[in-house]
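Treat the numbers as computed from the prediction; the structure is a model and nothing was measured. A, B, ... follow the sequence lines: proteins, then strands. Residue 1 opens every chain.
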Protein chains: 2
Amino acid sequence: MQNENLYKELLRRFRLKVTLTRLHVLDVLANTPVALSHADITEQLAEYDIDKVTLYRTLNAFTKCGLAHKVATEDRNWLYALHMPDDAPSEVTSDHAHFVCDECERIYCLPMETGNNTRDIKEEQGFVIRSQEYRLHGTCPECHTQFSQQ
Amino acid sequence: MQNENLYKELLRRFRLKVTLTRLHVLDVLANTPVALSHADITEQLAEYDIDKVTLYRTLNAFTKCGLAHKVATEDRNWLYALHMPDDAPSEVTSDHAHFVCDECERIYCLPMETGNNTRDIKEEQGFVIRSQEYRLHGTCPECHTQFSQQ
DNA sequence: TAAAAAATGCAACAAAGTTGCAATACGTTG
DNA sequence: CAACGTATTGCAACTTTGTTGCATTTTTTA
């Protein structure tokens, strides 16, 4: 594991105990630009034979403390992605943007762009907004390239 | 049922056969500003004793033809809301905005406001965008009023 | 290194939704 | 308006996803 020390530091920063399982899961999540499901992670960590309950609990722990965030997919699964803060542990309530590829069903995590006005309009109408998720559907660059070339 | 004829016309427009169950479900969905779950609808239609499988199939049929759309909630449930087109049957792929109240967990369906630039930025990066969902979390006017008054 | 607290692994359980199939209802055609 | 083909319904069984309880093991701190 390349960044073991980084992962350990990250866990400690979020007041999570350092365990092998958590390091493995962090490693998997840190090395993909897309959000992964419990099944994806299980598959990637097959050689370590991680218990399904432990993995669920690990992912929930990551989510609860703000180290990762969960996205619900169209097909009723949870996907998890690291939510690495630039510095201090950030709140779970911060803004996310996700791109859902309709071809390969991968979910890309994107930094939330500023500059939309929906927020202001809704606040005028009495909605108190604490976080927002902006979800785009379409075709990701990878699939788009494939289709273009055929 | 007040708008029975409207519902029948709507079903026919979407090439769905007119059945009692579908009329009841349409009636429930048409008379709420929030998206409803299978459980919500079951409860509201308790007197008609609608089979759970039939309700799932009804909701899926509505979604498939574009009469309704599905939203995945934070707690891994589906919520359904009518997607009444102004005129002709519209594609399922059109844009939605949802407001999720963190107090009462209702999901409000909102028309998608224009004027955000995330779309453009992503398209530059090679993402082909076909629909977008913008999800806001916070407190809805109703709950906000309650909390303010206490 | 010993003790407290937290994480793990296993089995059993729960919730949400699907599938197969026989019975029923819809709607079209004559 | 009767009869037929097709779609929908209702039921039981099943699948998938995730949770709970509890005994055991590991981590951390002193």
Side-chain angles (χ1 to χ4, degrees), chain A residues 1 4-5 7-27 35-43 45-65 67-80 105 107, chain B residues 1 4-5 7-26 28 35-43 45-65 67-80 105 107:
Chain A
M1 196 176 306
E4 185 163 342
N5 286 332
Y7 301 149
K8 286 185 178 174
E9 194 196 310
L10 210 52
L11 288 174
R12 292 203 189 95
R13 192 191 289 186
F14 283 92
R15 320 265 158 125
L16 294 173
K17 294 197 169 169
V18 175
T19 69
L20 241 192
T21 301
R22 286 175 179 173
L23 291 173
H24 286 313
V25 175
L26 260 184
D27 195 37
L36 299 175
S37 67
H38 182 280
D40 295 334
I41 298 168
T42 301
E43 193 182 338
L45 295 176
E47 59 181 310
Y48 302 110
D49 206 32
I50 291 171
D51 183 75
K52 69 166 185 168
V53 177
T54 301
L55 181 51
Y56 277 120
R57 289 200 268 230
T58 299
L59 293 169
N60 285 339
F62 284 7
T63 305
K64 195 173 173 191
C65 74
L67 175 52
H69 57 100
K70 276 184 183 185
V71 202
T73 65
E74 295 304 302
D75 52 348
R76 234 180 68 90
N77 272 42
W78 287 120
L79 297 190
Y80 302 85
E105 297 187 345
I107 296 191
Chain B
M1 195 177 307
E4 187 164 341
N5 286 332
Y7 301 150
K8 286 184 179 176
E9 195 196 309
L10 211 51
L11 287 173
R12 292 202 189 96
R13 192 192 287 186
F14 283 92
R15 320 265 158 125
L16 295 172
K17 292 196 172 172
V18 174
T19 70
L20 241 191
T21 300
R22 287 175 179 174
L23 291 174
H24 285 313
V25 175
L26 260 184
V28 169
L36 299 174
S37 67
H38 181 279
D40 295 333
I41 299 167
T42 301
E43 195 182 338
L45 294 177
E47 58 180 310
Y48 302 109
D49 207 34
I50 290 171
D51 183 75
K52 70 167 185 169
V53 177
T54 300
L55 182 52
Y56 278 120
R57 289 200 267 229
T58 299
L59 293 169
N60 285 337
F62 285 7
T63 304
K64 195 172 174 190
C65 73
L67 175 52
H69 57 99
K70 276 185 181 183
V71 201
T73 65
E74 294 304 301
D75 51 349
R76 237 178 65 92
N77 272 42
W78 287 122
L79 298 190
Y80 301 84
E105 298 187 344
I107 296 192

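As a whole-Å value, the separation of B:Leu55 CG from D:dG10 C1' is 13 Å. Rounded to an integer number of Å, the gap from CG of A:Leu26 to C1' of C:dA7 is 15 Å. What separates CG of A:Leu11 from C1' of C:dA7 is a distance of 13 Å, to the nearest Å. Note: OH (A:Tyr48) to P (C:dT8) measures 16 Å, nearest angstrom. The separation between A:Leu45 atom CG and C:dT8 atom P is 13 Å, rounded to whole Å. Summarising the geometry, the separation between NZ on A:Lys64 and C1' on C:dA6 is reported as 13 Å, rounded to the nearest angstrom. Rounded to whole Å, the distance from CG on A:Asp51 to C1' on C:dA12 is 13 Å. Distance CG (A:Leu23) to C1' (D:dT26): 13 Å, rounded to an integer number of Å.
Taking five base pairs at each end of the helix from C:dT1-D:dA30 to C:dG30-D:dC1, the local helix axes there meet at an angle of 40°, rounded to 10°.
Side-chain contact check for A:Leu11 versus A:Leu67: some heavy-atom pair is nearer than 4.5 Å. Using a 4.5 Å heavy-atom threshold, the side chains of A:Ile41 and A:Thr58 count as separate. Contact of the B:Arg22 side chain with the B:Tyr7 side chain is not registered, since no non-hydrogen atoms from C-beta on lie closer than 4.5 Å. Under the 4.5 Å side-chain criterion, counting only non-hydrogen atoms from C-beta, A:Arg57 is in contact with A:Val53. Within the 4.5 Å cutoff, the side chain of A:Leu55 has no heavy atoms near those of the A:Thr21 side chain. Between B:Glu4 and B:Leu23, the closest side-chain pair of non-hydrogen atoms falls below 4.5 Å.
The only option from B:Tyr56, B:Tyr80, B:Trp78 that meets the ring-ring contact (aromatic ring centres under 6.0 Å, His included) definition with B:His38 turns out to be B:Tyr56.
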For a side-chain hydrogen bond (donor to acceptor under 3.5 Å, both in side chains) check, start with the C-alpha distance between B:Asp40 and B:Ser37, then their side-chain angles and the critical distance, and finish with the verdict.
CA-CA 5 Å; B:Asp40 295 333; B:Ser37 67; 3.1 Å; yes
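The side chain of A:Thr58 contributes no N or O atom lying less than 4.0 Å from OP1 or OP2 of C:dA7.
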Where protein sits on nucleotides 18-30 of chain C, one letter per nucleotide: B base, S sugar-phosphate only, - none, heavy atoms under 4.0 Å:
BBB-----BS---
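In this structure, CE in A:Met1 is found 4.5 Å from CG in A:Asp27, a value given to the nearest 0.5 Å.
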